[in-house]
Amino acid sequence: QVQLVESGGGLVQAGESLRLSCAASGTIFNMGWYRQAPGKQRALVATITSGSTTNYADSVKGRFTISRDNAKNTVYLQMNSLKPEDTAVYYCVADSFLGSRYWGKGTLVTVSS
């Protein structure tokens, strides 16, 4: 029903910025980003509702901004002041109006010191 395609990951130095994108096919309600660092559990980064209410993990608050373009069915994650500890595979997640959850395949973000 729904497919999610992430893009925008890459290698940057500490202090630099990246913008991740997630394009969705199908009808989407809430969307968000998770990440999984090496040796760590997958953790919530940020969420955004269909009404654009946002929520952030404490570790990224003030540095990351989640937004969405409903016309394009796309969610973004602007990541500023990146730190080496932000290094992870970032996964897009979306919930349909029927309550099903869908995951993207992930995009790798590597931050060097």
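Heavy-atom basis, side chains included; hydrogens, waters and symmetry copies ignored.
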Residue pair N80 / S17, side-chain donor-acceptor N/O under 3.5 Å: yes
Other cluster members, F29 - Ile/Leu/Val/Met/Phe/Trp/Tyr, side-chain contacts below 4.5 Å: F97
Q3, CD atom: more than 12 neighbouring heavy atoms under 6.0 Å: no
R42 charged N/C atom sitting above Y91 aromatic ring, 6.0 Å / 45°: yes
Value rounded to 0.5 Å, distance of CG in L18 from CG in L77: 9.5 Å
Check: E6 side chain, C92 main-chain N or O, donor-acceptor pair, under 3.5 Å: yes
Main-chain N/O of T87 paired to T110 side chain as donor or acceptor, under 3.5 Å: no
OG1-CD1 distance between T65 and I48, expressed to the nearest 0.5 angstrom: 10.0 Å
Derivation and outcome, side chain to side chain contact (heavy atoms under 4.5 Å, CB included), residues M31 and R68: CA-CA 9 Å; M31 302 187 75; R68 66 191 295 164; 3.9 Å; yes
Side-chain (N73) to main-chain (G26) donor-acceptor, under 3.5 angstrom: yes
V109 reachable from W33 in the ILVMFWY side-chain graph, under 4.5 Å edges: yes
Side chain to side chain contact (heavy atoms under 4.5 Å, CB included) against D86, all qualifying residues, sequence neighbours excluded: R35, R63, F64, L82, K83, Y90, V111
